[in-house]
Structures are given as structure tokens and as C-alpha cells.
Amino acid sequence: MNDKYIHIFSLVVIASALAFIVFLYSTEPRSLAEVTTKSQVALGTYEIDQAALSRGIASFRNDEFPAARAAFDTADPEKRDLNTQFYKAYSYYRQGWGRITNDNDLFQSGLVTINRVMELDPNYRTMDGTLGIKTAAELKSEFEEGLKVTPADFNPMRIIRERK
């Protein structure tokens, strides 16, 4: 082999190793699976786990919201799929909603999740016809209103309101 080719090959190997080290430091993966997932995101080949998403939706429809959120986290570990994150935020809403009071901790977690959806697509609209709230903006509004204390919170007619 020619010395020139050995030098070029060495430079390519060094540049590749350096790029890999920078990638590891910038993404800070905790496991080999995370390295794989983060590299898929970087390459644009990231896909969610459809089986876990289906389990999450089934749990969501059965009002098993903690199990649904666990399945959604498994389905979308990088929190990049709009549909999965919308269902996750909606599960916080459904579990935290109350006829008299709302669970502020669950509503706050839901607000963080729906803000993530709105960062990815501010005009997101779900295609699920069974949900009462169709857009991320509507769900965010529900969370924000639920976290506020207003005179309407003391209205006894709140008891007959319906959950969306």
C-alpha cells in the first residue's frame, strides 16, 4: 500500500472516532439502547414501537392511565412522536380531572407534555374521533384553566360538568 493511502485512511478513522466521541458527549446516553435510539434520531430513521403504543391506547381506553403512560414511554423513549405524546398528555388530563377539584400535580405534568407536543407542531390535531379534545391548543387551555383558581371553581354547579 502506498503511504499516502495509509495517511488518508488514518485521518478518516481519527475523524470518525472524534465524531463518535462528540456524539456521545452531546447526547449523554445511559445505555447501549439509548445510543441506538439517539443515533436513529440523528439519522432521521427513528420509529416508535407500535405494539407498545397499541398497549398504551388500550390501557388509556380502559382508564388505566399510569399503565398507559408507561406504555407510551416505552413506545416513544425520545418523546418525538406527536400522537404518542398527545395521548400521554391526555391521560394526565383524564386522571387529574375531578368534578370538584383537579389534581394540580397531574395537570402540571400534562402541561409539560402538551408543551412538548406544541414545540414539535403547534397546530397538531388528533385523528381519534373518540377524544373530546382534538387539538394540542385546546388541551393546553384545559390544563392552564385547571391550574388556575377562579371564582368559578366555587360554583356548586361544577359537580354536573362533564369530562372531555
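Here the structure is a predicted model, which means the values were calculated and not measured.
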Task: By side-chain hydrogen bond (donor to acceptor under 3.5 Å, both in side chains) - contacts of Y90 (at least two apart) - done: none

Task: salt bridge (charged side-chain N to carboxylate O under 4.0 Å, His left out) contacts touching residues 106-121 (sequence neighbours left out) - done: none

- [ ] Please report the shortest heavy-atom distance between N102 and G98, naming the atom on each side.
- [x] OD1-N, 3.1 Å

Open item on the list: Under the rule for side-chain contact (heavy atoms from CB on, under 4.5 Å), what residues qualify as partners of A67, not counting sequence neighbours?
Closed with: S59, E64

Open item on the list: Can you confirm whether the side chains of R80 and Q85 place a donor and an acceptor under 3.5 Å from each other?
Closed with: no

- [ ] Please name all residues satisfying side-chain hydrogen bond (donor to acceptor under 3.5 Å, both in side chains) with T135, sequence neighbours left out, ordered by chain then number.
- [x] E138

Open item on the list: Testing the basics here: between L82 and L120, what is the closest heavy-atom pair and its distance to 0.1 Å?
Closed with: CD2-CB, 3.4 Å

Task: Separation between OG of S91 and CZ of F60, rounded to the nearest 0.5 Å - done: 6.5 Å

- [ ] Provide the closest heavy-atom pair for A71 versus A52 in the form atom of the first, atom of the second, distance.
- [x] CB-O, 3.5 Å

Open item on the list: Any heavy-atom pair between the side chains of Q108 and T113 that's under 4.5 Å?
Closed with: no

Task: For T84, side-chain hydrogen bond (donor to acceptor under 3.5 Å, both in side chains) partners two or more places apart - done: D81

TODO: May I ask whether V112 and M118 are part of the same hydrophobic cluster, defined by side-chain heavy atoms of I, L, V, M, F, W, Y residues being less than 4.5 angstrom apart, directly or through others?
DONE: no

Open item on the list: Tell me every residue that passes ring-ring contact (aromatic ring centres under 6.0 Å, His included) with F107, counting only those two or more places apart in sequence or in another chain.
Closed with: Y93, F143

Task: L111 backbone acceptor or donor facing N115 side chain under 3.5 Å - done: yes

TODO: Could you list all the salt bridge (charged side-chain N to carboxylate O under 4.0 Å, His left out) pairs where at least one residue sits in residues 101-115, not counting sequence neighbours?
DONE: none

TODO: Starting from the C-alpha separation in whole Å, work towards a yes-or-no answer on side chain to side chain contact (heavy atoms under 4.5 Å, CB included) for D49 and L53.
DONE: CA-CA 6 Å; D49 180 356; L53 176 61; over 6 Å; no

- [ ] Kindly write out the residues that satisfy salt bridge (Lys or Arg N to Asp or Glu O under 4.0 Å) with R61, not counting sequence neighbours, or none if the list is empty.
- [x] D128

Open item on the list: Which residues pass the salt bridge (Lys or Arg N to Asp or Glu O under 4.0 Å) test with D73, not counting sequence neighbours?
Closed with: K88

TODO: Test L131 against R94 for side chain to side chain contact (heavy atoms under 4.5 Å, CB included), laying out the working first.
DONE: CA-CA 11 Å; L131 300 178; R94 288 257 179 105; 4.0 Å; yes

TODO: Could you name each residue pair satisfying ring-ring contact (aromatic ring centres under 6.0 Å, His included) that touches residues 115-137, not counting sequence neighbours?
DONE: F86-Y124

TODO: Just do the side chain to side chain contact (heavy atoms under 4.5 Å, CB included) check on L11 and H7 with the steps written out, would you?
DONE: CA-CA 6 Å; L11 288 175; H7 288 262; 5.5 Å; no

Open item on the list: Between M127 and K134, is there a side-chain heavy-atom distance shorter than 4.5 Å?
Closed with: no

TODO: Check whether any side-chain heavy atom of F65 sits under 4.5 Å from a side-chain heavy atom of L106, and report yes or no.
DONE: no

